[in-house]
Amino acid sequence: MKRKEIFVFRERCMGCHSCELACAVSHTKAGNLFGAVLAGDSAYHRIWIDRINGSPTPIVCHQCANSPCVAACPTGAMQQRADRTSFLDEQLCIGCWNCVAECPFGACGQGETVAIKCDRNCLDDEGVPACVRACPTGALVYMTAAEYAAERRKPRRPAAAAAR
């Protein structure tokens, strides 16, 4: 089975932050917004909407093969599973932020005392990440690199031509 990744179609993002909310909610004990609010539960999101050249752009972890965030961690808190997914052991994190400094994509963030990053602990019953499922415009997709490349190569009709 080919490895799936979260890819971004920047031109589709409208900056609604639905992905951030879905990510945070998926990391609460309740696992849903209603239950999290009732329980007073809160969590950090592990995806960010940033502005690049004036356009909203989701910043996602690329789950690198030789993860710079893992290599930079002096305590072994940032780890990598056999499937290449990196994650943080919060008990070992000392908040030095080396992972934040070393991530070339800006996908590691700072919590109050520990680092935060995508850990893929949000997959639904169909194996789709919460951020992808929540994206109303399809700016976030979960597919193989070959599928993404093929989708990118598809010809696009200009909006004016599509309206005719």
Side-chain angles (χ1 to χ4, degrees), residues 1-10 12-33 36 39-124 127-135 139-149 152:
M1 187 167 115
K2 299 227 181 208
R3 180 177 168 75
K4 288 189 172 186
E5 299 290 340
I6 299 171
F7 289 101
V8 176
F9 287 97
R10 284 185 55 206
R12 296 180 187 172
C13 183
M14 62 181 183
C16 70
H17 300 272
S18 292
C19 55
E20 291 178 342
L21 179 61
C23 178
V25 168
S26 74
H27 285 86
T28 63
K29 290 180 187 119
N32 65 68
L33 183 58
D41 199 4
S42 64
Y44 289 104
H45 52 85
R46 289 146 169 84
I47 182 172
W48 292 267
I49 300 298
D50 204 351
R51 296 198 79 74
I52 298 177
N53 295 328
S55 298
T57 303
I59 305 300
V60 299
C61 178
H62 292 253
Q63 303 297 345
C64 306
N66 295 310
S67 298
C69 61
V70 173
C73 183
T75 65
M78 194 66 73
Q79 301 173 25
Q80 196 165 34
R81 297 182 186 105
D83 72 355
R84 214 175 83 194
T85 304
S86 53
F87 67 97
L88 179 77
D89 180 337
E90 293 184 11
Q91 301 301 313
L92 297 175
C93 183
I94 59 173
C96 68
W97 317 125
N98 284 353
C99 55
V100 174
E102 289 300 316
C103 178
F105 304 104
C108 287
Q110 291 178 286
E112 288 181 38
T113 59
V114 297
I116 49 176
K117 67 166 298 302
C118 176
D119 54 16
R120 298 274 170 89
N121 286 342
C122 63
L123 302 181
D124 64 16
V128 178
C131 59
V132 173
R133 179 74 67 200
C135 183
L140 294 171
V141 294
Y142 193 54
M143 54 182 52
T144 66
E147 291 169 333
Y148 179 72
R152 273 285 192 218

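Positions are given from 1, in the same order as the sequence printed here. These numbers were taken from a predicted model, which means no experiment stands behind them.
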Sequence neighbours left out, what passes ring-ring contact (aromatic ring centres under 6.0 Å, His included) with H45? Give chain and number order.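 Counting only residues at least two positions away or on another chain, H45 forms a ring-ring contact (aromatic ring centres under 6.0 Å, His included) with W48.
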
For F7, what residues pass the ring-ring contact (aromatic ring centres under 6.0 Å, His included) criterion, not counting sequence neighbours?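 ring-ring contact (aromatic ring centres under 6.0 Å, His included) list for F7, sorted by chain: Y148.
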
Could you state the interatomic distance from [atom1] ([X]) to [atom2] ([Y]), rounded to the nearest 0.5 Å?
X: L123; Y: S26; atom1: CG; atom2: OG; result: 9.0 Å
X: C93; Y: M78; atom1: SG; atom2: CE; result: 7.0 Å
X: L88; Y: Q91; atom1: CG; atom2: CD; result: 10.0 Å
X: C69; Y: Q80; atom1: SG; atom2: CD; result: 7.5 Å
X: M14; Y: S55; atom1: CE; atom2: OG; result: 14.0 Å
X: R133; Y: C122; atom1: CZ; atom2: SG; result: 11.0 Å

Of all residues at least two apart in sequence or in a different chain, which pass the salt bridge (charged side-chain N to carboxylate O under 4.0 Å, His left out) check with D41?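 With neighbours one apart ignored, the set is empty.
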
Residue list, side-chain contact (heavy atoms from CB on, under 4.5 Å) with Y44, at least two apart or on another chain: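 Checked Y44 against side-chain contact (heavy atoms from CB on, under 4.5 Å); matches are R46, E112, I116.
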
Run the side-chain contact (heavy atoms from CB on, under 4.5 Å) test against T75 and tell me which residues pass, sequence neighbours left out.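 In terms of side-chain contact (heavy atoms from CB on, under 4.5 Å), with neighbours along the sequence ignored, T75 is linked to C73, A77, L92, I94.
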
Let's go through I49 and C19 carefully: what are the C-alpha distance in whole Å and the side-chain angles of both, what is the deciding distance for side-chain contact (heavy atoms from CB on, under 4.5 Å) to 0.1 Å, and is it a yes or a no? CA-CA 9 Å; I49 300 298; C19 55; 3.6 Å; yes

Can you list the residues that meet the side chain to side chain donor-acceptor pair (under 3.5 Å) rule with [X], with sequence neighbours excluded?
X: S86; value: Q63, K117
X: T57; value: R10
X: R12; value: none
X: E147; value: T144

Closest approach of V25 to N32 (non-hydrogen atoms, all atoms of both residues):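 Where V25 meets N32 most closely, the heavy atoms are CG1-C, 3.3 Å.
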
Can you name the nearest heavy-atom pair linking A134 to A22, along with the distance?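 Looks like CB-CB, 3.4 Å.
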
With sequence neighbours left out, which residue pairs that include part of residues 66-88 fulfil the ring pair (Phe, Tyr, Trp, His ring centres under 6.0 Å) condition?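 Ring pair (Phe, Tyr, Trp, His ring centres under 6.0 Å) check on residues 66-88 returns no pairs.
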
Side-chain heavy atoms of C131 within contact of I6, under 4.5 Å: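 Yes - at least one pair of side-chain heavy atoms lies under 4.5 Å apart.
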
Which pairs count as salt bridge (charged side-chain N to carboxylate O under 4.0 Å, His left out) when at least one residue sits in residues 79-90, sequence neighbours excluded?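 As it turns out, the salt bridge (charged side-chain N to carboxylate O under 4.0 Å, His left out) pairs with a partner in residues 79-90, which skip direct neighbours, are E5-R84.
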
What pairs of donor and acceptor atoms, side-chain ones from residues 95-110 against any protein atom, are under 3.5 angstrom apart with sequence neighbours left out?
residue	atom	partner	partner atom	Å
W97	NE1	G95	O	3.0
N98	ND2	A72	O	3.2

